[in-house]
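Accompanying notes for the structure given below.
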Amino acid sequence: MKRLYWITLLTLGLFSCTWTNDNQPDNVDDPDDEPVVVDPSEFDSYTRVPLSSEVNRVQPMTGLVLWNTSGSLSKSYVQLEFSYMLYNDVCKEKDVFDWTPMDRLLEAAASRGHQVVVRFRYTYVGQKCAVPDYIKEWPGYEETVGKSEGRTTYFPDWRCEELQRFHMEFHRRFAERYDNDPRLAFVETGFGLWAEYHIYDGPFVLGKTFPSKEFQAEFLTAMDGWFKKTPWMFSIDAADGTYGPFRKQADLLNLKFGNFDDSFMCEDHDGYNYESWAFFGMHRYKTAPFGGEFSYYSDYDQKHCLDAGGMYGRKFEDEVAKFHMTFIIANDQPGKQTEARLKEASMSMGYRFCIMDFRIDEGKAAAVLIENVGVAPIYRDAYIQVEGVKSKYNLRHLLPGEKEWVKIECRASASSVPSIACEHLVAGQVIQYEANVE
């Protein structure tokens with residue numbers, strides 16, 4: 001039904017705009033973490049050291065994502081788990097927040113050597129609204145009950161100033177508690193059905209069942225300040241001016257957010273989906289992650305989205321490269337593809353490092369020529385490390401297809417072996433690299 005809705009919008013011209021590939025945040029790099037530039041000629045006198053290594057598993061913070069309730073979480077192609085979370089599970093009384101449900105979610109994933117992609121939501125088709133109980137009893141608060149996909153669904157009352165205040169305070173405290181938590185990979189946020197930035201079927205009333213654009217702008221701007229470490233993202237559906245504030249407030253495009261696409265690989269992906277991606281900027285991946293979920297428009301989509309031969313004239317790996325995808329929610333795929341194919345598809349996403357040269361100045365320094373041969377950057381601080389000493393160069397700056405000489409001042413020797421250090425990992429996770437240096 002959602003698919004038919006967007007086709008209708010495009011046909012009627014209700015989703016008119018000028019598309020651009022240039023929308024991207026101005027704050028490309030943290031000013032306190034500028035890339036370190038070295039002169040490669042300095043390493044001409046160094047001694048090359050043989051180095052052999054391979055990437056034989058899905059890398060942390062990348063790949064196919066399964067729900068935290070999946071029975072396939074132990075499979076080798078999984079590094080990330082997804083879960084919706086409910087606001088009223090954390091808060092029931094004004095300004096009283098019990099983060100136990102979130103902590104349990106993160107701890108369970110970490111115990112499996114995984115990290116979490118989380119999305120808090122108010123509205124889900126066929127369910128009660130997840131607004132805290134105390135707000136539901138607030139004077140003047142009145143939820144809307146309507147039909148969505150033929151099921152009775154409850155929608156928040158965004159006219160309520162206390163709901164707006166709570167929403168801001170919730171996310172401020174959320175960031176304060178979890179922004180630098182290694183168990184948390186990415187935060188997805190949004191409004192409407194499933195927090196996917198739309199009410200494509202149901203009682204859409206801007207400012208009532210969906211927050212006003214003014215409030216959205218306030219919230220999104222605040223998110224950019226609250227989350228300093230954890231990448232946050234929202235649906236490409238926010239490109240639609242019916243819902244999102246971006247068409248009238250272009251400065252919001254400078255915020256450092258990523259995007260997700262909940263109908264990846266659908267038949268019409270080259271139309272509405274691509275145009276929505278392009279509105280936010282196809283180069284945005286350089287600073288913030290791109291993710292999504294396989295299309296549920298039809299059973300065919302779920303059955304064939306990872307076929308080696310592709311579907312609808314497009315192959316998964318080609319689309320991953322085109323959109324620089326870091327992760328895709330693929331909860332139904334364990335029953336539709338072989339484990340080997342799922343691992344192959346999972347490993348095609350995100351960053352992938354290759355050490356092309358390794359040299360030492362005995363007892364003084366090491367030099368590494370490293371390339372990102374993946375489709376996206378790594379979105380956390382990571383460093384080449386030799387003899388327990390980290391480089392000054394942050395691999396977060398290394399874009400796909402780029403390579404960089406990195407110097408590490410340390411007591412290097414012929415027996416030294418470089419590794420990649422990253423504080424944002426849970427027990428059992430290792431960032432691998434390819435190498436065939438002779």
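The figures here come from the full heavy-atom set of this structure, side chains too, leaving out hydrogens, waters and symmetry mates. Just so you know, residue 1 is the first one in the sequence shown, and it goes up from there.
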**Study point:** Validation row, ring centre F280 to ring centre F257 under 6.0 Å
**Key:** yes

Check your understanding: Hey, do the aromatic rings of Y84 and F120 have their centres closer than 6.0 Å?
Key -> no

**Study point:** Side-chain donor/acceptor of S295 to backbone N/O of C266, under 3.5 Å
**Key:** no

Review point. Does F358 have its ring centroid less than 6.0 Å away from the ring centroid of W405?
Key: no

Point to revise | Test item: side-chain donor near acceptor, D237 and S276, under 3.5 Å | key: no

Review point. Where do I378 and I431 land on the side-chain contact (heavy atoms from CB on, under 4.5 Å) test, with the steps shown first?
Key: CA-CA 10 Å; I378 186 172; I431 297 176; 3.7 Å; yes

Check your understanding: For the rings on Y312 and Y300, is their centre-to-centre separation under 6.0 Å?
Key -> yes

Exercise for review: Look at the rings of Y122 and H167 and say which category their plane angle falls in: under 30° parallel, 30 to 60° tilted, over 60° perpendicular.
Suggested key: tilted

Point to revise | Pair K229 + D381, salt bridge at N-O below 4.0 Å | key: yes

Check your understanding: Is the W277 to F323 ring centre distance short of 6.0 Å?
Key -> yes

Exercise for review: Could you give me the CA-CA distance, side-chain angles and deciding distance for N273 and S263, then say whether side-chain contact (heavy atoms from CB on, under 4.5 Å) is met?
Suggested key: CA-CA 8 Å; N273 294 62; S263 52; 2.9 Å; yes

Check your understanding: Between the side chains of E218 and Q164, is a donor N or O closer than 3.5 angstrom to an acceptor N or O?
Key -> no

Review point. Are R172 and E176 close enough for a salt bridge, meaning some N to O gap below 4.0 Å?
Key: yes

Check your understanding: D262 and S235: side-chain contact (heavy atoms from CB on, under 4.5 Å), yes or no, with the steps?
Key -> CA-CA 7 Å; D262 57 68; S235 172; 3.8 Å; yes

Check your understanding: Between Q429 and Q115, is any side-chain donor less than 3.5 angstrom from a side-chain acceptor?
Key -> yes

Check your understanding: Say you draw a straight line from CD of E387 to CZ of R411; how long is it, rounded to the nearest 0.5 Å?
Key -> 10.0 Å

Practice item. Please check if the side chain of D179 supplies one atom and the backbone of K228 the other of a donor-acceptor pair under 3.5 Å. Key: yes

Exercise for review: Could you tell me the separation between the CD atom of E404 and the CG atom of L399, rounded to the nearest 0.5 Å?
Suggested key: 10.5 Å

Exercise for review: Supply the atom-to-atom distance R380 CZ to M61 CE, rounded to the nearest 0.5 angstrom.
Suggested key: 7.0 Å

Review point. What heavy-atom pair brings L425 and P182 nearest, and what distance separates the two atoms?
Key: O-CB, 3.7 Å

Point to revise | Which atom of G192 lies closest to which atom of T123, heavy atoms considered | key: O-CB, 3.7 Å

Review point. Are H114 and E81 close enough that a side-chain donor and a side-chain acceptor fall under 3.5 Å?
Key: yes

Study note, to complete from the structure: Between the OG1 atom in T62 and the CE atom in M325, the distance rounded to the nearest 0.5 Å is 12.5 Å

**Study point:** Ring center gap for W226 and F174 short of 6.0 angstrom
**Key:** no

Point to revise | Separation between OG1 of T221 and CG of N254, rounded to the nearest 0.5 Å | key: 10.5 Å

Review point. Any side-chain donor-acceptor pair under 3.5 Å between D261 and H269?
Key: yes

Review point. Are the side chain of K343 and the backbone of N56 linked by a donor-acceptor contact shorter than 3.5 Å?
Key: yes

Practice item. Assert yes or no for the condition that the ring centre distance of F219 to F191 is strictly below 6.0 Å. Key: yes

**Study point:** Heavy-atom closest pair, residues V55 and Q432
**Key:** CA-OE1, 3.6 Å

Check your understanding: What residues form a salt bridge (charged side-chain N to carboxylate O under 4.0 Å, His left out) with D361, not counting sequence neighbours?
Key -> none

Practice item. Using atom types as modelled and distance alone, determine if a side-chain donor or acceptor of Q216 lies under 3.5 Å from a backbone N or O of P211. Key: yes

Point to revise | Pair E107 + R183: basic N to acidic O under 4.0 Å | key: yes

**Study point:** Y243 (side chain) donor-acceptor with I199 (main chain) under 3.5 angstrom
**Key:** yes

Revision key, fill the gap. Smallest heavy-atom separation, N259 atom then R284 atom, equals OD1-CD, 3.7 Å

Check your understanding: Would you say the side chains of D307 and H304 form a donor-acceptor pair under 3.5 Å?
Key -> yes

Exercise for review: State, to 0.1 Å, how close T189 and H171 come at their nearest heavy-atom pair, and which atoms those are.
Suggested key: OG1-NE2, 3.9 Å

Review point. Got a second to check how far Q302's CD is from K336's NZ, nearest 0.5 Å?
Key: 6.5 Å

Practice item. Give a yes or no on whether the backbone of A108 and the side-chain of S111 come within a donor-acceptor separation of less than 3.5 Å. Key: yes

**Study point:** Ring geometry between F43 and Y46 (parallel below 30°, tilted from 30 to 60°, perpendicular above 60°)
**Key:** perpendicular

Practice item. Using the side chain to side chain donor-acceptor pair (under 3.5 Å) rule, pick out the option among E434, E371, Q59 that qualifies with R352. Key: E434

Check your understanding: Within the side chain of S148, is there an N or O that forms a donor-acceptor pair under 3.5 Å with the backbone of D201?
Key -> yes

Check your understanding: Any donor-acceptor pair under 3.5 Å linking the side chain of N372 with the backbone of A376?
Key -> yes

Exercise for review: Output yes when a side-chain donor or acceptor of T338 lies under 3.5 Å from a complementary backbone atom of R341, and no otherwise.
Suggested key: yes

Practice item. Could you tell me which residues satisfy ring pair (Phe, Tyr, Trp, His ring centres under 6.0 Å) with Y351, sequence neighbours excluded, listed by chain and number? Key: F353

Review point. Could you walk me through whether F215 and W158 pass the ring pair (Phe, Tyr, Trp, His ring centres under 6.0 Å) check?
Key: CA-CA 9 Å; F215 175 74; W158 283 103; 5.6 Å; yes

Review point. Using 4.0 Å as the upper bound for N to carboxylate O, is an ion pair formed by E169 and R173?
Key: yes

Exercise for review: Would you kindly say whether Q127 and R121 are connected by a side-chain donor-acceptor distance under 3.5 Å?
Suggested key: yes

Practice item. Give a yes or no on whether the ring-centroid distance for Y197 and F234 is below 6.0 angstrom. Key: yes

Exercise for review: Mind telling me whether F210 and F204 have parallel, tilted or perpendicular rings, with 30° and 60° as the class edges?
Suggested key: perpendicular

Check your understanding: Going by atom types alone, do E317 and S348 pair a side-chain donor with an acceptor below 3.5 Å?
Key -> no

Check your understanding: Do the charged groups of R119 and E196 touch, with an N to O distance under 4.0 Å?
Key -> yes

Exercise for review: Show your reasoning for whether side-chain contact (heavy atoms from CB on, under 4.5 Å) applies to C354 and Y433.
Suggested key: CA-CA 5 Å; C354 177; Y433 58 82; over 6 Å; no

Revision key, fill the gap. Those residues at least two apart in sequence (or on a different chain) that pass side chain to side chain contact (heavy atoms under 4.5 Å, CB included) with S74 are none

Check your understanding: Taking the six-membered ring for Trp, are F82 and W67 ring centroids under 6.0 Å apart?
Key -> yes

Practice item. Would you please classify the geometry between the F170 ring and the F97 ring as parallel, tilted or perpendicular, with 30° and 60° separating the classes? Key: tilted

Check your understanding: Does R247 make a cation-pi contact with F279, if we ask for NZ or CZ under 6.0 Å from the ring centre and within 45° of the axis?
Key -> yes

Review point. Where the side chain of E409 meets the backbone of S391, is there a donor-acceptor pair that is under 3.5 Å apart?
Key: no

Review point. Between D332 and K303, is the closest basic N to carboxylate O distance under 4.0 Å?
Key: no

Review point. Any side-chain donor-acceptor pair under 3.5 Å between S298 and D301?
Key: yes

